[in-house]
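In what follows, every chain begins at residue 1, and chains take the letters A, B, ... in the order their sequences are listed.
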Protein chains: 2
Amino acid sequence: MALGEAILVCLAEEPLTGYDLAKSFDTSIGFFWRADHQQIYRELKRLKTNGWVADELVVQTSRPNKRRYSITPDGRAHLIAWSRESHPPAPVKDDLMVKLYSLADVDIDSVRRQIVDRLDGHRNRLNLYERIERSVYRDTPEDDAGAVGRLLGLRAGFAYERAWIRWCEDAIERLSALPESTLTSSHTP
Amino acid sequence: MALGEAILVCLAEEPLTGYDLAKSFDTSIGFFWRADHQQIYRELKRLKTNGWVADELVVQTSRPNKRRYSITPDGRAHLIAWSRESHPPAPVKDDLMVKLYSLADVDIDSVRRQIVDRLDGHRNRLNLYERIERSVYRDTPEDDAGAVGRLLGLRAGFAYERAWIRWCEDAIERLSALPESTLTSSHTP
DNA sequence: GCACATTATGCAACAAGTTGCATAATAGTG
DNA sequence: CACTATTATGCAACTTGTTGCATAATGTGC
């Protein structure tokens, strides 16, 4: 149930609506935990029944009314307790690796192209992170916990993307060196 | 539904029972796709209704009977078709990163300890991969698709673990440099 | 004026993953 | 002889995540 905690983390900074949260989960905290709006609205209700968030209706005339959620003292206490629990990293699940695992039974050329696409995605990601670093974390004070934490998150992103970029480059080369697969030549348009 | 394909990939090599598959998903292919036995038995039934696997009952006297599954021609065709589809990498979900994201509202010392634990895990993983490389992939021929694919999978593991190890080391240092959090000193036993 | 994007919330159905339990035989350990 | 591990399969209940749809008002571009 870490979606709940990811939401609490956002609300610990400032009260937000489900809509606002959905946008956050598309960018900032979304780099570490993805969720769409249905999940978020559903989870907010759970958090409310647990007493970890409170909500207030904000009446609007020109727009649909909103429901703004804020974290409660119980919510903050829960967040701290949760931060003390150890959570093993989520098990890896990667289609592309499964395809590589059975490269002998599969369309190699297509897999190679997919790696090229992935390389592109990783490069874009890295680029984005670099832009964020320049604009937001230029001079992070070394004793501000909040800032250090976010900088470390960003650096994890760097490390992750760079590792994948290097791997993709190597993989593309090695797959290109492979003899034409009969599979590919007979079935591809 | 990539669990199905991961199963087919295993069956493409040799017929296996659900029990055998569960063991594979704990080691070899489990490095890229995790699943427990309940998921596997459930999925095997789906694969059968799709006509992608066939099963036969193996009667045993000293042990419970087993049901051995093998891939059908339709199954192989499906596997190839699936390998041509592009599958975006699964979105990242990492509790630890969420904790870092809100380091100001959380037990810093405990998070630091969790990173130490994670570092340990990554080192063990790397170690395991290195042993596998030495024992299995000493002289991988460059033109054997199956072998190259698996070697690339292993190298992805290397890249991934090494990147995390470096990151953990840096993170531990930076968190240690942070001033003692009041939170930690007042709540930790 | 019409199509489309934005703001804002939500239901319903389904697919996938998790947890706990049940069964049943044998082999090995103390 | 009791306890535990291994082989082998499975149900049921639950939580999470995904997909498609619905509503409803306003602002923007052509």
Side-chain angles (χ1 to χ4, degrees), chain A residues 1-7 15-27 29-30 32-50 53 55-69 82 85 87-95 98, chain B residues 1-8 10 15-27 29-30 32-50 53 55-69 82 85 87-95 98:
Chain A
M1 209 266 297
L3 172 56
E5 283 82 12
I7 290 175
L16 293 168
T17 68
Y19 189 80
D20 297 330
L21 283 164
K23 277 191 292 182
S24 292
F25 277 80
D26 235 40
T27 55
I29 204 173
F32 311 123
W33 203 278
R34 283 248 141 222
D36 59 28
H37 82 271
Q38 281 88 346
Q39 270 177 280
I40 289 163
Y41 284 117
R42 200 211 251 148
E43 191 66 30
L44 280 169
K45 275 170 197 163
R46 287 227 311 135
L47 292 174
K48 197 186 160 187
T49 65
N50 282 334
V53 301
D55 62 338
E56 44 167 341
L57 190 70
V58 181
V59 180
Q60 301 187 121
T61 48
S62 67
R63 300 273 164 174
N65 295 339
K66 5 171 162 180
R67 193 161 289 281
R68 183 159 49 210
Y69 292 86
W82 169 79
E85 291 168 19
H87 302 278
V92 173
K93 300 209 166 177
D94 194 330
D95 293 79
V98 174
Chain B
M1 211 263 302
L3 172 57
E5 283 80 13
I7 291 175
L8 288 177
C10 294
L16 293 168
T17 67
Y19 189 80
D20 297 331
L21 282 164
K23 278 191 291 184
S24 292
F25 276 81
D26 235 40
T27 55
I29 203 172
F32 311 124
W33 203 278
R34 284 247 141 224
D36 58 29
H37 81 271
Q38 282 87 347
Q39 272 177 279
I40 289 163
Y41 284 119
R42 197 211 254 146
E43 191 65 29
L44 280 169
K45 275 171 198 162
R46 288 226 313 136
L47 291 173
K48 198 186 161 190
T49 64
N50 283 334
V53 301
D55 62 338
E56 46 168 339
L57 190 68
V58 181
V59 180
Q60 301 186 122
T61 49
S62 67
R63 300 275 165 171
N65 294 340
K66 8 171 163 181
R67 192 161 288 282
R68 184 159 47 212
Y69 292 88
W82 169 79
E85 290 168 20
H87 301 278
V92 174
K93 299 209 166 178
D94 194 331
D95 293 78
V98 175

Problem set entry | Donor-acceptor pair (no angle test) under 3.5 Å: B/Arg63 side chain, D/dT6 base | yes
Exercise. Is A/Asp95 reaching over with its side chain to a backbone N or O of A/Val98, donor-acceptor style, under 3.5 angstrom?
Worked result: no
Exercise. Expressed in angstrom and rounded to an integer, what is the separation of B/Ile7 atom CD1 from C/dA16 atom C1'?
Worked result: 13 Å
Exercise. C/dA8 P sits how many Å from A/Leu57 CG, rounded?
Worked result: 12 Å
For this session: Can you tell me the distance, in whole Å, between the CG atom of B/Asp20 and the C1' atom of D/dT7?
Result: 10 Å
Problem set entry | Spacing between B/Leu3 atom CG and C/dA15 atom C1', to the nearest angstrom | 12 Å
Seminar exercise, completed: Note: contacts of residues 34-41 of chain A with DNA chain C (heavy atom, under 4.0 Å) are A/His37, A/Gln38, A/Tyr41
For this session: Report the nucleotide, chosen from C/dA8, D/dT16, D/dT7, that has the shortest atom-to-atom distance to any side-chain atom of A/Tyr19.
Result: C/dA8
For this session: Give the rounded distance in Å between these two atoms: CG of B/Asn65 and C1' of C/dT23.
Result: 14 Å
Exercise. Within less than 4.0 Å of OP1 or OP2 of C/dT7, is there a side-chain N or O belonging to A/Thr17?
Worked result: no
Exercise. Is the count of non-hydrogen atoms from other residues, nucleotides or ligands lying under 6.0 Å from A/Lys93 atom NZ greater than 12?
Worked result: yes
For this session: Find the distance between NZ (B/Lys48) and OH (B/Tyr69) and round it off to the nearest 0.5 Å.
Result: 6.5 Å
Exercise. Quick check: are there more than 12 heavy atoms from other residues, nucleotides or ligands sitting under 6.0 Å from CZ of B/Arg68?
Worked result: no
Problem set entry | Whole-Å gap separating P (C/dT23) and CD (B/Gln60) | 21 Å
Exercise. If you find the nucleotide of DNA chain D closest to B/Pro64 and the one closest to A/Glu43, which residue's nucleotide is nearer the 5' end?
Worked result: B/Pro64
For this session: Enter the distance from B/Glu43:CD to B/Ile7:CD1 here, rounded to the nearest 0.5 Å.
Result: 5.0 Å
Exercise. Counting distance only, does the side-chain N/O of A/Asp36 pair as donor-acceptor with the main-chain N or O of A/Gln39 below 3.5 Å?
Worked result: yes
Exercise. Think B/Lys23 has a side-chain N or O under 4.0 angstrom from the OP1 or OP2 of D/dA8?
Worked result: no
Exercise. Can you check the B/Asp95 CG to D/dT16 P distance for me, whole Å?
Worked result: 12 Å
Problem set entry | Atom pair CG/SG of B/Leu16 and B/Cys10 - distance to nearest 0.5 Å | 7.0 Å
Problem set entry | Nearest-nucleotide comparison on DNA chain D, the residue closer to the 5′ end among B/Gly18 and B/Pro91 | B/Gly18
Exercise. Should B/Lys45 be listed as having a side-chain N or O under 4.0 Å from OP1 or OP2 of D/dC11?
Worked result: yes
For this session: Give one of base, sugar-phosphate or nothing for B/Arg68, where a contact means two heavy atoms less than 4.0 Å apart.
Result: nothing
Seminar exercise, completed: Rounded to whole Å, the CZ-P distance (A/Arg42 to C/dC11) equals 10 Å
